[in-house]
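Remarks on the structure that follows.
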Amino acid sequence: MTERLPKPRPGILDIEAYVPGESRLPSGVTPAKLSSNETPLGASPKAIAAYTAAATALERYPDGQATALRNAIAKRYGLDVTRIVCGAGSDELLSLIANAYLGPGDEAIYTEHGFLVYRIAILANGATPVVAPERDLATDVDAILARVTDRTRVVFLANPNNPTGTYIPIGEVRRLRAGLSEDILLVLDGAYAEYVRRNDYEAGLELVATTNNTVMTRTFSKIHGLAALRIGWAYCPEAVADVLNRIRGPFNLSSPAIAAGAAAIEDGAHMEAAIRHNETWLPWLERELTQLGLRVTPSVANFLLIHFPRQAGRTARDADAYLKSKGIILRAVASYGLGDCLRMTIGTEEENRRVVAALADFVEE
Ligand SMILES: *Cc1c(COP(=O)(O)O)cnc(C)c1O
């Protein structure tokens, strides 16, 4: 007798479950955890206070419109509040977009070393992932355009990209939009937008405001230091906001998340401090690591991609093991097709110095 068991939809079992950055070491020592691009400054004290205050009404359902949070975001960036949709992390928003716009027979494009959540969201909806090669570890607009077919429904673009840390100028993003037909949704993932200090960079707000087929997603997990609370938002064309609001969970953000997120985005000083910290330590690390003879991909985000040689004893895997033995966790990125690299989040001053000292020892040995 053949066993008859519940079967998931085609595509689901092709998904390799997302493996988060490691956070524990076998020895039990408190590690320097530089594996998930979290901020070394922690959350704003105002966000923590708002979170704590929300503990007095946990029996109540949250505001299903996340009004306080959406208003705070709209005010901060001068946006139309009706076009802001919040999610339990931007991961949820990426999934909702895929749920709404992708199905079997459809194709969605992302780049060679693009964020792996896109692939998962595409496959989960029975659609076909199409990978566009990058040039020098950066998005290649022409390569994306060359992979468009009449089945293409969505293009996912992280700008800056994780795990490479590279970006493309807004002019290139506009060229991409202009080259895609109007029925293709362009999703601009700006998870690291706040960190970028480049005159030719924009996260895409204006593009969203002036087209009806571009969405920008943002997160509170990175610069705002609220990864544990799961808060993201999307700025959408009216019709897309309407679609996402129809399919999202009616209470997809918790009250503590709404309160803490609103307080965080109002605390501009805390954000500025995080940007300044990054401006100090990102170039310092680039310089120090390069002086050790390691190649580093120039980054505009709060992390760095470090390249290791293929020589036995000197590889990325060897470095990873060595650093772990010293209580330091970076991110192995072989699942992103970057087996010769480790990704390092910019940490506290002490953590950054620790990594450089440990890698100096590793390189010398
Ligand atoms: C970290 C990250 C996110 C954020 O995910 P959340 O679900 O909001 O925590 C989104 N996109 C990219 C590229 C990221 O690196």
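Since the structure is predicted, the reported quantities are computational estimates derived from the model, not experimental observations. Order of appearance sets the numbers: ligands from 1, and atoms from 1 within every ligand.
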Task: Between Asp200 and Tyr167: side-chain donor-acceptor atoms closer than 3.5 Å - done: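 A pair is found: one side chain offers a donor N or O, the other an acceptor, under 3.5 Å apart.
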
Open item on the list: Just by distance, no angles: are the side chains of Thr149 and Glu107 close enough, under 3.5 Å, to form a donor-acceptor pair?
Closed with: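 Side-chain D/A pair, Thr149 to Glu107: present.
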
Open item on the list: Taking 4.0 Å as the limit for heavy-atom contacts, which would you say applies to Phe220 with ligand 1: side chain only, backbone only, both, or neither?
Closed with: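 No part of Phe220 is near ligand 1 at this cut-off.
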
- [ ] Look only at interatomic distance and state if Asn162 has a nitrogen or oxygen under 3.5 Å from any nitrogen or oxygen of ligand 1.
- [x]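 Min N/O separation from ligand 1 is below 3.5 Å for Asn162.
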
Among all protein heavy atoms in this structure, tell me which lies nearest to [atom], with the distance rounded to 0.1 Å.
atom	value
atom 4 (C) of ligand 1	Ser90 OG, 3.2 Å
atom 3 (C) of ligand 1	Lys222 NZ, 3.3 Å
atom 11 (N) of ligand 1	Asp189 OD2, 2.6 Å

TODO: Taking the side chain as every heavy atom from C-beta outward, state whether Leu207 and Val173 have any atom pair closer than 4.5 Å.
DONE: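 The answer is yes, as the side chains (C-beta and beyond) meet within the 4.5 Å cut-off.
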
Would you mind running through ligand 1 and noting each atom that sits below 4.0 Å from a heavy atom of [X]?
X	value
Ser221	6 (P), 8 (O), 9 (O)
Gly89	6 (P), 7 (O), 8 (O)
Ala191	2 (C), 3 (C), 10 (C), 11 (N), 12 (C), 14 (C)
Arg230	6 (P), 7 (O), 9 (O)

Open item on the list: How close do Glu238 and Arg83 get, counting heavy atoms only, and between which atoms?
Closed with: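 Closest approach of Glu238 to Arg83, heavy atoms only: N-NE, 4.0 Å.
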
Open item on the list: I'd like to know if Arg314 and Asp318 make a salt bridge, using a cut-off of under 4.0 Å between side-chain N and carboxylate O.
Closed with: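 Not counted as a salt bridge, because no side-chain N and carboxylate O are separated by less than 4.0 Å.
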
Task: Check ion pair Arg174-Glu206 (N to O, under 4.0 angstrom) - done: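 Judged by the 4.0 Å cut-off on N to carboxylate O distance, Arg174 and Glu206 do form a salt bridge.
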
TODO: Give the intermediate values and the outcome of salt bridge (charged side-chain N to carboxylate O under 4.0 Å, His left out) for residues Asp189 and Arg218.
DONE: CA-CA 6 Å; Asp189 178 346; Arg218 300 283 282 267; over 6 Å; no

